[in-house]
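Just follow the structure's listing: the first ligand is 1, and inside any ligand the first atom is 1.
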Amino acid sequence: MITLLDYGAGNVRSVVNAIEKLGGKIKPVTKPSDILDAEKLLFPGVGNYENMIRILTEKNYIAPLREYLKADQPFFGICLGMQALFEGSEEDVSGNESLSMFKGRVNRFKTDLAVPHIGWNGVNLKKDSPVFKDVLPDTKFYFVHSYHIVPEDESVVLTTTNYDYEFVSSVQQGNIIGTQFHPEKSGNAGIKLLENFIYQKDLRAKKAVDIKAKGLSKRIIACLDVRTNDQGDLVVTKGDQYDVRDEGNVRNLGKPVELAKRYYEEGADEITFLNITGFRDFPLKDMPMIKVLEQTSKNVFVPLTIGGGIRDYTDSNGKTYTALDVASRYFRSGADKISIGSDAVDIAEQYLKTGKKTGKSSIEEISRVYGNQAVVISVDPKRVYVNSPDDAKKHHVIKTQFPGPNNEAYCWYQCTVQGGRKTRDLDAVALAKACQELGAGEILLNCIDKDGTNSGFDLELINAVRNAVCIPVIASSGAGCEDHFFQVFEKTSAQAALAAGIFHRKEVPIQNVKNYLLERNIEVRSTI
Ligand code: 1PR
């Protein structure tokens with residue numbers, strides 16, 4: 001019996017699914033005394049530190065948690081659930097009192113590398129802990145965070161991880177364990193860790209060790225564009241430059257839940273669902289997408305992103321739902337990140353016009369509650385060719401190696417909304433920068449000209465956006481063979497590459513992409 005401390009901010013469904021898959025039973029904490037009654041306590045924390053401490057305080061959980069920890073009862077804190085063990089965080093401007101079990105604080109990454117630190121990274125093991133029993137030394141785990149702990153007492157360090165510098169990625173003292181990474185999102189290795197926590201009788205580490213690991217991987221993401229076809233079935237489809245119809249019919253490349261499971265088993269590092277007609281309908285009415293997430297998260301233990309239709313909405317009865325309501329529903333259904341497309345363009349335009357943050361946009365509200373790392377901006381740009389930068393003075397113009405139809409030597413990338421149906425007077429670089437300032441944590445960078453063409457990623461676009469922001473960029477659109485992934489990682493600093501068509505049509509297995517990259521010394525997570 002595992003007692004689960006869910007304070008209501010974030011995706012705990014994956015943790016629950018993982019425990020249940022392992023044969024464990026979950027008892028949720030509903031009142032302070034449940035904490036003291038726990039045999040083993042699991043505390044997954046996602047989102048914003050200040051928000052977490054505020055809720056723990058309001059619910060009167062701080063005192064019983066301290067008592068439980070002081071008694072050295074089995075405890076597993078994940079991400080914020082581990083950070084809460086320390087004395088406070090830079091993320092908490094109000095300076096609330098934390099659990100203060102361990103001396104030390106939580107600081108923001110100080111690095112020129114992309115923050116949040118998102119992706120699969122190795123852990124250098126410092127203690128021979130039963131929690132790591134049968135977990136291979138060169139395993140990678142999934143991280144997603146902008147802050148890391150800085151313990152004062154080195155003896156609590158269980159693992160460290162390298163991201164520009166070495167930071168502490170997990171701690172253990174007696175039966176109290178905390179990881180910065182997410183075991184519930186770390187595939188088989190993470191599930192093994194949770195299994196050890198559940199079933200090992202004695203969790204205490206026996207001796208010190210010093211096992212070194214490799215660094216952060218480039219991520220390979222499988223993307224599923226989902227919509228209802230003319231027969232009313234929810235299908236995975238794929239467009240040619242966003243046109244998903246073939247001889248008038250919506251292409252049907254499979255069922256979302258089945259395909260997602262297949263990609264997980266084949267080694268995808270993340271899975272993204274895009275509800276491509278979400279801009280038309282209210283997504284909370286579109287229950288199939290919620291079911292897709294719920295069912296997928298039962299068997300898929302890597303991060304799940306969902307996009308399409310995330311915006312404020314007023315229904316026919318005049319009831320208003322905020323984008324935060326929509327996102328919350330998706331997080332509760334198993335999503336780890338939400339992706340905003342059309343609404344981000346409106347928000348950025350408004351922000352660039354007024355120069356003011358309203359605090360009320362979907363980007364700001366969702367990142368405030370769930371953290372920046374949970375907010376992805378999906379950009380759908382098209383090339384606009386010009387003869388000279390003077391022809392598009394307002395925009396970020398680049399000199400292109402691929403001149404336009406009339407031999408134009410320059411281009412800029414025009415943002416579109418509603419799946420490329422409407423264009424706006426805003427360029428992709430300006431959009432990405434504005435969204436980063438408003439609190440977005442990652443950019444999913446599509447390119448309509450390249451999408452579905454199998455001709456390779458638009459490296460010029462990726463470099464332009466990547467050089468303008470410090471949040472991670474996912475390169476998307478155009479992958480046609482293994483070498484295109486190598487090119488994108490060799491010639492740009494994109495942190496991840498996403499593909500759809502080649503995976504759906506089984507033209508290139510995910511593992512072939514990874515092998516190809518490994519042979520060329522690009523760090524990726526190997527799943528064999
Ligand atoms: O605007 O917030 O409702 O979100 C709608 C979302 O749906 C956006 O993320 C937008 O990119 C996406 N979308 C809308 N229409 C289409 C379409 O194809 N007709 N799909 C669409 C965009 C982009 C990728 C694609 C990759 C890789 N698809 O997911 O699958 O580019 O493709 P490839 O490897 O086959 O080249 P909102």
Side-chain angles (χ1 to χ4, degrees), residues 220-227 229 235-246 250-251 253 256 259 263 268 270-283 286 289 305-313 323 326-327 330 337-348 361-363 366 375-382 415-422 424 428 431 435 440 442-458 461-462 474-482 484-485 488 496-508 510 513:
I220 306 298
I221 302 175
C223 182
L224 289 78
D225 290 357
V226 181
R227 63 162 287 171
N229 67 10
V235 298
V236 174
T237 189
K238 180 67 208 109
D240 288 334
Q241 299 181 321
Y242 285 32
D243 179 2
V244 298
R245 288 185 185 268
D246 201 6
V250 172
R251 276 189 203 95
L253 296 168
L259 268 188
Y263 295 143
E270 269 180 57
I271 297 187
T272 295
F273 294 102
L274 296 176
N275 177 1
I276 65 168
T277 49
F279 68 87
R280 282 191 205 139
D281 322 302
F282 177 45
D286 190 8
M289 284 315 284
T305 302
I306 175 105
I310 296 175
R311 61 189 157 87
D312 297 344
Y313 183 87
V326 181
Y330 280 140
K337 309 187 231 181
I338 53 88
S339 146
I340 306 175
S342 306
D343 198 35
V345 176
D346 293 341
I347 294 165
S361 70
S362 56
I363 302 173
I366 301 169
V375 180
V376 182
I377 304 302
S378 173
V379 189
D380 299 312
K382 273 184 187 164
C415 291
T416 67
V417 295
Q418 301 188 359
R421 287 169 181 81
K422 291 184 181 159
R424 291 290 180 79
L431 172 70
C435 292
E442 202 170 21
I443 304 289
L444 163 51
L445 188 54
N446 305 296
C447 177
I448 296 182
D449 309 82
K450 284 286 190 175
D451 189 77
T453 63
N454 286 20
S455 62
F457 296 94
D458 190 324
L461 166 67
I462 296 160
I474 301 167
S476 165
S477 299
C481 63
E482 292 90 334
H484 291 152
F485 291 86
V488 82
L498 172 151
I502 52 165
F503 297 151
H504 301 335
R505 295 187 296 266
K506 298 193 176 168
E507 287 162 10
V508 182
I510 294 171
V513 173

I'd like to check which ligand 1 atoms, numbered from 1 as shown, lie under 4.0 Å from a non-hydrogen atom of [X].
X      : result
Ala499 : 34 (O)
Leu498 : 26 (C), 27 (C)
Ser342 : 1 (O), 2 (O), 37 (P)
Gly309 : 2 (O), 3 (O), 37 (P)
Gly501 : 33 (P), 34 (O), 35 (O)
Gly419 : 14 (C), 15 (N)

Atom 17 (C) of ligand 1: which of Phe273, Phe457, Tyr242 has the nearest heavy atom?
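Going through Phe273, Phe457, Tyr242 one by one, Tyr242 has the nearest heavy atom to atom 17 (C) of ligand 1.
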
Considering distance alone, does some N or O of [X] sit under 3.5 Å from an N or O of ligand 1?
X      : value
Gly452 : yes
Leu274 : no
Ser339 : no

What distance do [X] atom [atom1] and [Y] atom [atom2] have between them, rounded to the nearest 0.5 Å?
X      : Y      : atom1 : atom2 : value
Phe503 : Ile271 : CZ    : CD1   : 10.5 Å
Ile340 : Cys435 : CD1   : SG    : 8.0 Å
Leu274 : Ser378 : CG    : OG    : 5.5 Å

With sequence neighbours left out, write down each residue that passes side-chain contact (heavy atoms from CB on, under 4.5 Å) with Ser477, or none if nothing qualifies.
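Result, side-chain contact (heavy atoms from CB on, under 4.5 Å) vs Ser477: Asn446, Cys447, Lys450, Asp451.
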
Could you go through Thr237 and Asn229, starting from their C-alpha distance and side-chain angles, then the distance that decides it, and tell me whether this counts as side chain to side chain contact (heavy atoms under 4.5 Å, CB included)?
CA-CA 9 Å; Thr237 189; Asn229 67 10; over 6 Å; no

Give a yes or no on whether the backbone of [Y] and the side-chain of [X] come within a donor-acceptor separation of less than 3.5 Å.
X      : Y      : value
Asp312 : Ala323 : yes
Thr416 : Asp380 : yes
Tyr263 : His504 : yes

Checking side chain to side chain contact (heavy atoms under 4.5 Å, CB included) for the pair Phe485/Ile502: CA distance, chi angles, key distance, verdict?
CA-CA 12 Å; Phe485 291 86; Ile502 52 165; 3.8 Å; yes

Applying side chain to side chain contact (heavy atoms under 4.5 Å, CB included) to Thr272 and Val376, what does each step give before you reach the verdict?
CA-CA 11 Å; Thr272 295; Val376 182; over 6 Å; no

Ligand 1 contacted by [X] (non-hydrogen, < 4.0 Å):
X      : value
Gly239 : no
Gly308 : yes
Asp451 : yes

Less than 4.5 Å apart, side chain to side chain, heavy atoms only: is that true for Ile377 and Ile443?
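The answer is yes, as the side chains (C-beta and beyond) meet within the 4.5 Å cut-off.
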
Between Val326 and Arg311, is the side chain to side chain contact (heavy atoms under 4.5 Å, CB included) condition met? List the steps.
CA-CA 8 Å; Val326 181; Arg311 61 189 157 87; over 6 Å; no

What protein heavy atom lies closest to [atom]? Include the residue and the distance to one decimal.
atom                    : value
atom 24 (C) of ligand 1 : Asn446 OD1, 3.5 Å
atom 9 (O) of ligand 1  : Ser378 OG, 2.6 Å
atom 20 (N) of ligand 1 : Asp225 OD2, 3.2 Å
atom 26 (C) of ligand 1 : Ser476 OG, 3.1 Å
atom 10 (C) of ligand 1 : Asp380 OD2, 3.2 Å
atom 2 (O) of ligand 1  : Gly341 N, 2.9 Å
atom 12 (C) of ligand 1 : Ile276 CG2, 3.9 Å
atom 34 (O) of ligand 1 : Ala500 N, 2.9 Å

Taking only residues two or more places apart in sequence, or in another chain, which ones meet Asp240 in a salt bridge (charged side-chain N to carboxylate O under 4.0 Å, His left out)?
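Expected list: Arg251.
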
Below a 4.0 angstrom heavy-atom separation, can you tell me which part of Lys238, side chain or backbone, both or neither, approaches ligand 1?
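For Lys238, only side-chain atoms sit under 4.0 Å from ligand 1.
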
